[in-house]
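I have placed the structure first, in the form of structure tokens, so that the comments after it can refer back to it.
Order of listing sets the numbers, starting from 1, for every ligand and every atom in it. Hydrogens, waters and symmetry mates are skipped; everything else that's a heavy atom, side chains included, is used. Starting from 1, each residue takes its place in the sequence as its number.
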Amino acid sequence: MTNTQPIGFIDSGVGGLTVVKEAMKQLPNEHIIYLGDTARCPYGPRPAEQVIAYTWQMTHFLLEKNIKMLVIACNTATAVALEEIKEQLNIPVVGVILPGTRAAVKTTKNRNIGIIGTAGTVKSGSYEKAIKTKVPEATVSSLACPKFVPIVESNQFQSSVAKKIVAETLIPLKFKKLDTLILGCTHYPLLRPIIQNVMGEQVTLIDSGAETIGEVSMLLDYFDIANTTAGQPSAYFYTTGSTVMFDGIAKEWLETIPVHSEHIDL
Ligand code: DGL
């Protein structure tokens, strides 16, 4: 059986594109629909109830587009809304926190794991709980990095300002003897070279979004809903903010395809 319905991806802005990039690489047959709620980004500092409400609005928009699977390509939304949305939809729903956790647990040798994410993700304690459930003796150090998302959303992620802010923000993690650091926000892979440089080569960075595509791939096979029809797959992008800003970042990040996003209001 082949299923040509699209896979839906949601994020508060452009961050989920780091997950889409990996989907295009690992699942080149699949049609993709992406929605970034750029107008209301960042979600990180918002109260949980608000993030849940916004995530439902994005979910309803994509359900109208007849998606076969939903990927919550945002850690902040995954932390507070995944369980509820998963319970209520009759299609598979995938979040980014557990795949990142699994990869970190597999990678670490000294069981000293760091997590960087938004204030909301860190406050939820979701990564910490997930890691401790698997490896109770692990030491977990979490750090909120509220300045990172605005740098990415304003397309300054390669600037000298970005380097300075990342270096200053990560100081508290430099002396924790980490061997593994989870990029617990889907915006952060765009800052990856700078983060790696600041933390040093001895620290392995885990891209939770990219790890998630392994799970998406597995679920497509498990539910027998992969698109096995040959042909050119489509990718549609929607943003609640500026299409010019969105397309600029998307083109630079995705490289392979031209992006012409459409503006919508939620
Ligand atoms: N990209 C999102 C995440 O993974 C959220 C960024 C934000 O809106 O604060 O958490």
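- Figure legend: cation-pi geometry between R46 and Y54 absent, as NZ or CZ is not positioned both under 6.0 Å from the six-membered ring centre and within 45° of its axis.
- Ligand 1 is approached by C74 to a heavy-atom distance shorter than 4.0 Å.
- Looking only at atom types and distance, the side chain of T180 has no donor-acceptor partner in the side chain of T107 under 3.5 Å away.
- Atom 10 (O) of ligand 1 has its closest protein heavy atom at T76 OG1, 2.6 Å.
- Residue C41 has at least one heavy-atom neighbour below 4.0 Å for each of these atoms of ligand 1: 8 (O).
- Donor-acceptor pairing under 3.5 Å is lacking for the side chains of H263 and T243.
- Within ligand 1, the atoms closer than 4.0 Å to a non-hydrogen atom of D11 are 1 (N), 2 (C), numbered from 1 in the order shown.
- Closest to atom 3 (C) of ligand 1, if we only count protein heavy atoms, is N75 N, 3.2 Å.
- Between K163 and N197, the closest side-chain pair of non-hydrogen atoms is not below 4.5 Å.
- Residue S261 is tested with D247, T239, T38 for a side chain to side chain donor-acceptor pair (under 3.5 Å); the sole match is D247.
- Only side-chain heavy atoms of V149 come within less than 4.0 Å of ligand 1; its backbone N, CA, C and O stay farther off.
- A salt bridge is defined here as a Lys NZ or Arg NE, NH1 or NH2 lying under 4.0 Å from an Asp or Glu carboxylate O, and R102 with E215 meets this definition.
- When only non-hydrogen protein atoms are considered, atom 1 (N) of ligand 1 lies nearest to H187 ND1, 2.7 Å.
- Here the heavy atom of the protein found nearest to atom 6 (C) of ligand 1 is S12 OG, 3.4 Å.
- Contact atoms of ligand 1 toward G44: 7 (C), 8 (O), 9 (O) (distance under 4.0 Å to a heavy atom of the residue).
- Residues K174 and V198 come closest through the heavy atom pair NZ-O, 2.7 Å.
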